[in-house]
Amino acid sequence: MKFVVFSLMANLPHAITGERLTDSQKIASVLQQAQWVEQLGYDAYGIGERHGEPFLSSSPAVMLTAIAARTSRIRLLTTVTVLSVLDPVRVAEDYATLDQLSDGRLELIIGKGNDPRHYPLFGLKEEEQWDSLQERYELLRRLWREEKVDWTGNYRPALQQFTSQPRPLQSTIPIWHGSASSVRSTELAARYGEPIFSSNTFHRPEKYKQLIDHYRQRLQHYGHDPARAVVGAGAGALYIADTGEEAVRRYRPYHDSFQGTDAAKHNASPFTGLNDYIANGPALVGSLEQVAEKILRYQRLFGHEVLGLSVDGLTASEQQEQLERFAKEVAPIVKREIASKIWEEKQPV
């Protein structure tokens, strides 16, 4: 299995001290975290996209460019690019530039996003989100694969003989499809034989498994080999301690603080509290044995080969502690059990 650490750059008051970083301090902390991730041997780092408080991640391309300059090996992911509200021409240009600057380390995870505030901000009706995502994605796909593109659609002006510049460094920038709530995303991924990344954050595993199963079924329908499906999945939260009781005690203030945010309320988690979330949901909170066992159990259910982790909200020292403990104590156990063919070699350019 491969491991990616991601951040939505939520700049909230600390759950215990109440102190809040300045914007520049928070941005600097994310850059530092990405450097730790590479030094600790993780495979990739991702920046999400949100438009509004408390998130500072409105420009993943800029953040990932800064991270590219400070790293040399890890893959750079967008987790996710909210393509449903963005101009595909601008996306093609910005991320092809990043692909060049990073020596071909970029991968996009696209989606419609799960924060409804961005629809009116960018002039889109919420009921249009899926149609908009599909149209914009199909244009982006063409812009990176073709030159002198002729195109007409509903969500941006027509193009005539347009070639986006610069061209990507990689022969094909890998595109994943974020999957959280609808078969529209899994259907689109299956049509083109491209990987999916399951959110696996706010709900019970059955919800996400249904979407992953749909993806594999539709791959076969479109003539792709479902045995070659590539799936990634998130994990909700990460907190490792010497015992499960200690992990729950230390993580509880962070969990309770997050439950009061608008983001948590929007996602309407079905869990009754932290203990329920750990027992019946994706949270990786416990001893190293408990965390490793849960990862393996979920992998048997989903069949994923990339796992996304986040330590957002913790103090800088706790972030480093958790990333180090996972890399040194949990990752080796999981890697022995789960093979992964992805990212074994540098992507072709």
Side-chain angles (χ1 to χ4, degrees), residues 1-11 21 23-50 55-81 91 93-110 166 168-176 195 197 232 234-235 238 305-328 330-332 334-335 340 342-349:
M1 179 172 277
K2 301 298 193 300
F3 301 104
V4 51
V5 176
F6 62 88
S7 176
L8 282 171
M9 301 178 64
N11 196 20
L21 300 177
D23 287 359
S24 59
Q25 289 172 330
K26 179 63 179 180
I27 289 170
S29 75
V30 172
L31 297 178
Q32 178 64 67
Q33 185 185 91
Q35 292 174 277
W36 291 340
V37 164
E38 178 161 278
Q39 293 165 7
L40 290 168
Y42 287 88
D43 302 285
Y45 193 83
I47 294 290
E49 182 178 339
R50 291 290 189 276
F55 305 103
L56 305 185
S57 54
S58 57
S59 186
V62 175
M63 285 299 302
L64 289 171
T65 298
I67 291 169
R70 291 163 170 79
T71 59
S72 61
R73 176 188 55 80
I74 50 172
R75 302 295 294 174
L76 305 173
L77 276 62
T78 63
T79 54
V80 301
T81 294
V91 171
E93 294 169 338
D94 285 347
Y95 284 107
T97 303
L98 172 53
D99 196 48
Q100 292 282 348
L101 289 168
S102 66
D103 193 28
R105 290 187 281 145
L106 174 67
E107 308 205 5
L108 248 64
I109 305 178
I110 65 163
L169 179 63
Q170 298 175 85
S171 58
T172 302
I173 293 177
I175 296 180
W176 301 62
F197 208 106
L238 174 66
E305 57 185 282
V306 178
L307 179 67
L309 306 165
S310 177
V311 289
D312 274 2
L314 307 183
T315 63
S317 61
E318 284 179 304
Q319 288 179 24
Q320 187 164 17
E321 174 199 15
Q322 291 303 313
L323 292 173
E324 286 181 351
R325 292 200 70 166
F326 187 92
K328 295 177 181 179
V330 178
V334 176
K335 284 179 177 288
S340 176
I342 193 170
W343 302 334
E344 290 295 334
E345 298 179 359
K346 188 176 184 293
Q347 299 294 318
V349 296

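Residue numbers start at 1 and run along the sequence shown.
Among all heavy-atom pairs drawn from Gly104 and Leu169, the shortest one is N-CD2, 3.4 Å. Shortest non-hydrogen contact noted between Tyr95 and Pro60 is OH-CB, 3.5 Å. Between Ala44 and Val37, the shortest heavy-atom distance links the atoms O-CG1, 3.8 Å. Residues Ser7 and Asp312 share a closest heavy-atom pair of OG-OD1, 3.0 Å. When all heavy atoms of Pro166 and Thr97 are compared, the pair lying nearest together is CD-OG1, 3.3 Å. In terms of heavy-atom proximity, Ile342 sits nearest to Glu305 at N-OE1, 3.4 Å.
Between the side chain of Asp43 and the backbone N or O of Arg75, no donor-acceptor pair lies under 3.5 Å. Side-chain atoms of Arg105 come within 3.5 Å of backbone N or O of Ile74 as a donor-acceptor pair. A donor-acceptor pair is defined here as one N or O able to donate and one able to accept, closer than 3.5 Å; such a pair exists between the side chain of Thr79 and the backbone of Gly48. At distances below 3.5 Å, not a single donor-acceptor pair connects side-chain atoms of Asp23 with backbone N or O atoms of Leu56. With hydrogens and angles disregarded, no donor-acceptor distance shorter than 3.5 Å links the side chain of Glu107 to the backbone of Pro174. No donor-acceptor pair closer than 3.5 Å links the side chain of Gln170 to the backbone N or O of Asp99. Side-chain atoms of Arg73 come within 3.5 Å of backbone N or O of Tyr42 as a donor-acceptor pair. Listed for the Gln320 side chain is no donor-acceptor partner under 3.5 Å among the backbone atoms of Trp36.
Distance check: Leu108 CG to Trp176 CH2 gives 12.5 Å after rounding to the nearest 0.5 Å. Note that OG of Ser310 is 9.0 Å distant from CG of Leu323, once rounded to the nearest 0.5 Å. Summarising the geometry, atom OG belonging to Ser102 is positioned 11.0 Å from atom CD1 belonging to Ile67; distances are rounded to the nearest 0.5 Å. For the atom pair CD1 (Ile47) and CG (Leu64), the distance works out to 5.5 Å, reported to the nearest 0.5 Å. Rounded to the nearest 0.5 angstrom, Gln322 CD and Thr315 OG1 are separated by 9.5 Å. Considering OG of Ser58 and CZ of Arg50, their distance stands at 12.0 Å, rounded to 0.5 Å.
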Is there a side-chain contact (heavy atoms from CB on, under 4.5 Å) between Leu77 and Phe6? Walk through the geometry before answering. CA-CA 8 Å; Leu77 276 62; Phe6 62 88; over 6 Å; no
Should Ser72 and Glu38 be marked as a side-chain contact (heavy atoms from CB on, under 4.5 Å) after you check the CA-CA gap, both sets of side-chain angles, and the distance that decides it? CA-CA 8 Å; Ser72 61; Glu38 178 161 278; 3.6 Å; yes
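Remark: Phe326 pairs with Phe3 by the ring-ring contact (aromatic ring centres under 6.0 Å, His included) rule, at least two apart or across chains. Applying the side-chain hydrogen bond (donor to acceptor under 3.5 Å, both in side chains) test to Thr81 and every residue at least two apart in sequence or in another chain returns Thr78.
Salt bridge Lys2/Glu344: present, at least one basic N to carboxylate O contact under 4.0 Å.
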Below 3.5 Å, can you tabulate the donor-acceptor pairs from side chains in residues 27-35 to any protein atom, sequence neighbours excluded?
{"unit_1": "Ser29", "atom_1": "OG", "unit_2": "Lys26", "atom_2": "O", "d": "2.7"}
{"unit_1": "Gln33", "atom_1": "OE1", "unit_2": "Tyr45", "atom_2": "OH", "d": "2.6"}
{"unit_1": "Gln33", "atom_1": "NE2", "unit_2": "Gln319", "atom_2": "OE1", "d": "2.8"}

